[in-house]
Amino acid sequence: MPRPRLPLLRAATRLAALTAATAGVLLAVAAPASAAVPSGRYVALGDSYTAGPLIPSQVDLNCLRSNRNYPSLVAASAGSASFADVSCSGATTDDILYGGSGQLGITVPPQLNAVTSSTALVTVQIGGNDIGFSGIIGECAQASLSSPLGSPCKNRYTAGGTDQLQARIAATVPKVTTVLQAIRRAAPSARVVVLGYPAILPDSGYGCWPVVPIAYQDVPYLRTIEKSLNAMLAGAAAANGATYADVYTPSIGRDACKSSGTRWVEGLVPQNSAAPFHPNARGEQGMSSALLATLNS
């Protein structure tokens, strides 16, 4: 908006009136718009970080889904008119699009089926299983036993001069893009939010082996991989008309190396009810708060 041009006025009262009116206009222009959390139908898509495996109470044993995961908390806070949480532990982008099977071997239909034209809000947290992150953590933990001060995991995944994990992240971009485009076709008017992943390892330093058995020099490497995964998800969201919710930043200082009463993500041997290297109830609450803040911004 161009800056108002105020004429010179001899009447002080008229000058005051115009000044007040101009100030009101400027305040109206400067005031940011506030987006409300959609209160219509809410559909949550995602993997185990969404589902909340082993967090009480488990309401779907095939998908290891908790009723205290972040979608359930957001739906309750928003007063969603209807709510469908179809997240499933182990899910990949293919499971969202085409379906698959759960932890008990029972067939799970495509998560996308829950997204209808009347859906007001869709959240999706996916990509970790596409790059095999759970398996990577397990392999790196095993490798650390032979070289706790070294970088056996990084050495393995960067052998030959190519970073295999960064290549997996790059290969997942079109898969996430396909998911977001399919969501948009199914629910053209919905607000779509992509969530990243919270900090598993400390945001600085070399970890806490053997409490979290990742070799010291591998901790910075895996931290970079997780940040690259989150950056990819943020980029895919921006390129496809979706919003990105950063859950990593608020989780800094609440990683698996912290005390049982502080951490959002459990370590290899959980001290709170949760799966190894997965969010506990505190982590799901933290992601809920981050998502609500994003929706309200």
Side-chain angles (χ1 to χ4, degrees), residues 38 40-53 55 58-67 69-75 78 80-135 168-169 171-197 229 232-237 239-245 247 275 278-279 284 287 291:
R41 176 174 173 80
Y42 169 28
V43 178
L45 315 177
D47 55 27
S48 54
Y49 270 61
T50 305
I55 298 173
Q58 295 284 288
V59 294
D60 184 333
L61 294 181
N62 191 41
C63 283
L64 296 180
R65 187 187 308 127
S66 170
N67 62 1
N69 61 9
Y70 73 78
S72 299
L73 299 175
V74 168
S80 301
S82 64
F83 172 50
D85 180 3
V86 291
S87 61
C88 196
S89 296
T92 65
T93 49
D94 280 350
D95 291 298
I96 290 181
L97 295 168
Y98 312 116
S101 60
Q103 304 302 303
L104 301 179
I106 301 172
T107 298
V108 178
Q111 294 185 23
L112 188 64
N113 288 0
V115 181
T116 63
S117 59
S118 62
T119 301
L121 172 63
V122 179
T123 60
V124 57
Q125 188 179 38
I126 204 71
N129 290 323
D130 287 84
I131 72 166
F133 203 77
S134 294
R168 291 184 194 180
I169 292 171
T172 303
V173 175
K175 299 178 182 179
V176 174
T177 296
T178 300
V179 166
L180 295 177
Q181 292 176 348
I183 292 171
R184 182 57 65 201
R185 287 192 298 271
S189 300
R191 188 166 182 190
V192 181
V193 182
V194 177
L195 285 82
Y197 291 88
L229 174 61
M232 179 275 286
L233 293 171
N240 291 280
T243 301
Y244 177 72
V247 300
H278 278 73
E284 294 291 339
M287 290 192 287
L291 176 53

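- Across all non-hydrogen atoms, the minimal contact from Leu195 to Gln125 is O-CG, 3.7 Å.
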Does the pair Val247 and Leu291 meet the rule for a side-chain contact (heavy atoms from CB on, under 4.5 Å), with working shown? CA-CA 8 Å; Val247 300; Leu291 176 53; 6.0 Å; no
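- For Ala91 against Gln111, the heavy-atom pair with the smallest separation is CB-NE2, 3.5 Å.
- Closest of all the heavy-atom pairs between Ala190 and Arg184 is O-NH1, 2.7 Å.
- Remark: side-chain polar atoms of Ser66 are not paired, donor with acceptor, to backbone N or O of Gln58 under 3.5 angstrom.
- Under 3.5 Å, the side chains of Ser87 and Asp85 contain a donor-acceptor pair of N or O atoms.
- In this structure, CG in Leu112 is found 6.5 Å from CG in Leu97, a value given to the nearest 0.5 Å.
- Using a 4.5 Å heavy-atom cutoff, the side chains of Thr92 and Asp95 are in contact.
- Between the CG atom in Asn113 and the CG atom in Leu45 there is a gap of 10.5 Å [rounded to 0.5 Å].
- To the nearest 0.5 Å, atom CG of residue Leu229 and atom OG1 of residue Thr172 are 7.5 Å apart.
- Just one residue in the list Gln103, His278, Arg65 forms a side-chain hydrogen bond (donor to acceptor under 3.5 Å, both in side chains) with Ser48, and that residue is His278.
- Here the side chain of Asn69 pairs a donor or acceptor atom with the backbone of Thr50 at under 3.5 angstrom.
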Worked check of side-chain contact (heavy atoms from CB on, under 4.5 Å) between Asp130 and Arg168: CA-CA 8 Å; Asp130 287 84; Arg168 291 184 194 180; over 6 Å; no
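- The minimum heavy-atom distance between Glu284 and Pro279, with the atom names listed, is OE2-CB, 3.8 Å.
- Residue Asp47 holds its CG atom at 10.0 Å from SG of Cys88, rounded to the nearest 0.5 Å.
- Minimum interatomic distance between Asn62 and Gly105 (heavy atoms only, all atoms of both residues): OD1-N, 3.7 Å.
- Between Thr178 and Thr93 the shortest side-chain heavy-atom distance does not fall below 4.5 Å.
- Between Tyr197 and Tyr49, the ring planes are perpendicular. Angles over 60° get that label, and only those under 30° would be called parallel.
- Val179 and Val124 get closest at one heavy-atom pair: CG1-CG2, 4.4 Å.
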